[in-house]
Amino acid sequence: MKEVYIANIKTAQEVTDFFMVKSIAVKIGANKKQYLDVMLADKTGEISGKKWDVADEELPSLAQIKEGDIVKIRANVTEWNGLKQFRVLRIRRRAENDPLEFSDFIKAAPERPEDMYEYILGKAEAFSDQDLKKLCVKVLQENREKLMYYPAAQKNHHAEMAGLLYHVKRMLMNGERMCQVYTNLNADLVMAGVILHDMEKLNEIESNELGISSGYSFEGQMLGHLIQGIKVLDRLTEELDFPKEKAIMLEHMILSHHYEPEFGSPKKPLFPEAEILHYLDMIDARMFDMQDALDKTEPGEFSDRVWTLDNRRLYKVKD
């Protein structure tokens, strides 16, 4: 049975246990020697690993290890650039008789996908704006199957099974409250923007039914989910005979929600609902990354550096 979880490992610890492979490759180092570069995961998080000086005779067995496989490793826990890392000494695929529970290895949203989906669909069906209602209900129903398991990212925030649903649900909950405070906001437009803003991650990211992403699709790499989202909205709003202004406002919300050109948005938000969408997205992403880091941190100590939070080390208050 699995005994060691990534959230609990300590620097200088020796670990012998099972982990799931998220990515794996044999690479050539600056010293011209082969090394194994692997990303390992369990339900509490993920950690990179390196096996140095890989010999040619090891290559056939390493080539049999694929993404999604469970492997047993023996490794030392080291630290590099403020992050824990495995120095892998031995690695093998699990044997058929290894006593494992698959649930130990899958990082998943803390709520049932079916419940989150029904919550989001219910909000869309309650819109008073019939154009936005038809559009959002159509998009949600057509994408239901993938939404049941899709992550919101390959790495970083909500990179977990059904993470996209969890991200959208929490943004909707926050958005409702924002609209109660800022009464000038069109609540249906805000909520529609939340539902639609990341929907094309379903076609930008490649993922299996465990919510584990192996990378990005060709179109995802070439265009990204913002442009993909606008293409889809342009087609759907024309099919549904949307008012032109409303269609363009929705497309602008998708286009601008990353806010900065270096993050993919060529335009900054030009009306309040677009502005609030950006901040709803940022709040949920940052709260997720903070909680994820602090879950792996002992009270009274600082976390590993969190790249998505400007390499900050977060403090966890003592109990």
Side-chain angles (χ1 to χ4, degrees), residues 108-109 111-154 158-173 175-176 187-244 246-255 257-258 264 273 277 280-281 284:
E111 300 179 31
R112 291 179 70 249
E114 294 82 2
D115 294 340
M116 293 188 288
Y117 176 84
E118 290 301 325
Y119 177 91
I120 296 165
L121 181 64
K123 294 298 180 185
E125 290 176 334
F127 289 169
S128 57
D129 186 308
Q130 294 303 304
D131 295 318
L132 296 177
K133 176 180 177 178
K134 288 176 186 176
L135 174 65
C136 289
V137 168
K138 178 180 176 66
V139 169
L140 286 166
Q141 290 178 340
E142 289 181 351
N143 290 287
R144 185 185 188 281
E145 183 178 350
K146 283 178 126 180
L147 285 168
M148 288 299 107
Y149 61 86
Y150 241 77
Q154 182 189 14
H158 300 86
E160 58 188 5
M161 186 177 178
L164 183 55
L165 281 176
Y166 190 48
H167 178 46
V168 170
K169 183 194 172 188
R170 295 205 302 183
M171 284 179 65
L172 284 175
M173 294 171 71
E176 274 194 314
D188 284 358
L189 187 58
V190 170
M191 306 288 264
V194 168
I195 291 170
L196 298 170
H197 82 289
D198 273 350
M199 192 62 69
E200 275 305 292
K201 285 188 173 183
L202 298 175
N203 296 307
E204 177 190 42
I205 297 168
E206 294 181 337
S207 174
N208 63 22
E209 293 187 6
L210 300 174
I212 298 171
S213 169
S214 59
Y216 292 83
S217 67
F218 173 69
E219 187 178 5
Q221 292 183 71
M222 296 295 283
L223 301 179
H225 68 279
L226 303 190
I227 301 302
Q228 290 171 280
I230 289 169
K231 286 176 62 182
V232 170
L233 279 181
D234 202 46
R235 172 177 58 81
L236 290 178
T237 53
E238 188 170 332
E239 287 178 9
L240 295 171
D241 198 25
F242 245 61
K244 190 67 174 176
K246 193 183 298 184
I248 290 175
M249 290 180 76
L250 266 180
E251 291 179 9
H252 176 80
M253 291 174 77
I254 304 302
L255 187 72
H257 83 266
H258 281 185
E273 290 81 3
L277 175 64
L280 290 170
D281 189 36
D284 191 53

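Heavy atoms only: backbone and side chains are in, while hydrogens, waters and symmetry mates are out.
Checking side-chain atoms of Lys169 against main-chain N and O of Met116 turns up no donor-acceptor pair under 3.5 Å. Using modelled atom types, one side-chain atom of Asp188 and one backbone atom of Asp129 make a donor-acceptor pair closer than 3.5 Å. Put simply, the side chain of Tyr166 never gets that close to the backbone of Ala152: no donor and acceptor are under 3.5 Å apart. A distance-only check finds no donor-acceptor pair linking the side chain of Tyr150 to the backbone of Leu164 [under 3.5 Å]. Asn208 places a side-chain N or O within 3.5 Å of a backbone atom of Ile212 that can act as its donor or acceptor partner. Judged purely by atom type and a 3.5 angstrom limit, Ser213 uses its side chain to pair as donor or acceptor with the backbone of Glu206.
The CD atom of Glu273 lies 6.5 Å from the CE atom of Met253; values are rounded to the nearest 0.5 Å. Interatomic distance, Leu255 CG to Leu250 CG, rounded to the nearest 0.5 Å: 12.5 Å. For the atom pair NZ of Lys246 and CG of Leu189, the computed distance is 8.5 Å after rounding to the nearest 0.5 Å. In this structure, the separation between SG on Cys136 and NZ on Lys123 is 13.5 Å, given to the nearest 0.5 Å. In this structure, CG on Asn143 lies 10.5 Å from CE on Met148, to the nearest 0.5 angstrom. To the nearest 0.5 Å, atom CD1 of residue Ile230 and atom NE2 of residue His225 are 10.5 Å apart.
Screening Leu196, Leu280, Val194, Leu277 for a side chain to side chain contact (heavy atoms under 4.5 Å, CB included) with His257, the sole residue that qualifies is Leu277.
Across every non-hydrogen atom of Phe242 and Asp131, the tightest pair is CE1-O, 3.1 Å. Summarising the geometry of Ile254 relative to His197, their closest heavy-atom pair is CD1-CA, 3.3 Å, with the distance given to 0.1 Å. The two residues Lys133 and Ala124 come nearest to each other via the heavy atoms CG-O, 3.5 Å. The nearest pair of heavy atoms linking Ala109 to Ala162 is CB-O, 3.8 Å. Here the closest non-hydrogen pair linking Val168 and Ile195 is CG1-CA, 4.1 Å. Nearest heavy atom pair, residue Ala153 against residue Ile205, reads CA-CD1, 3.7 Å.
Counting non-hydrogen atoms of neighbouring residues, nucleotides and ligands closer than 6.0 angstrom, the NZ atom of Lys134 reaches no more than 12 such neighbours. Within a 6.0 Å radius of CD in Glu145, other residues, nucleotides and ligands contribute 12 heavy atoms or fewer. Applying the 6.0 Å contact sphere to CD of Glu238 captures no more than 12 heavy atoms from other residues, nucleotides or ligands.
Here the side chains of Lys201 and His167 are not in contact, with every heavy-atom distance at 4.5 Å or above. For the pair Glu204/Asp198, no side-chain contact is recorded, criterion being any heavy-atom separation below 4.5 Å from C-beta on. No side-chain heavy atom of Met171 sits under 4.5 Å from any side-chain heavy atom of Met191. Taking the side chain as every heavy atom from C-beta outward, Met249 and His252 never approach each other to under 4.5 Å.
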Could you go through the side-chain contact (heavy atoms from CB on, under 4.5 Å) check for Arg144 and Glu114 one step at a time? CA-CA 9 Å; Arg144 185 185 188 281; Glu114 294 82 2; 4.2 Å; yes
Worked check of side-chain contact (heavy atoms from CB on, under 4.5 Å) between Gln141 and Tyr117: CA-CA 10 Å; Gln141 290 178 340; Tyr117 176 84; 3.9 Å; yes
Could you please spell out the steps behind the side-chain contact (heavy atoms from CB on, under 4.5 Å) verdict for Glu118 and Asp115? CA-CA 5 Å; Glu118 290 301 325; Asp115 294 340; 5.9 Å; no
Working note: Asn203 + Val232, criterion side-chain contact (heavy atoms from CB on, under 4.5 Å); need CA distance, chi angles, decisive distance, verdict. CA-CA 11 Å; Asn203 296 307; Val232 170; 5.7 Å; no
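Salt bridge absent: Lys231 and Glu200 never bring a charged side-chain N and a carboxylate O closer than 4.0 Å.
In the model, Asp281 has no side-chain atom that pairs as donor or acceptor with a side-chain atom of His258 under 3.5 Å.
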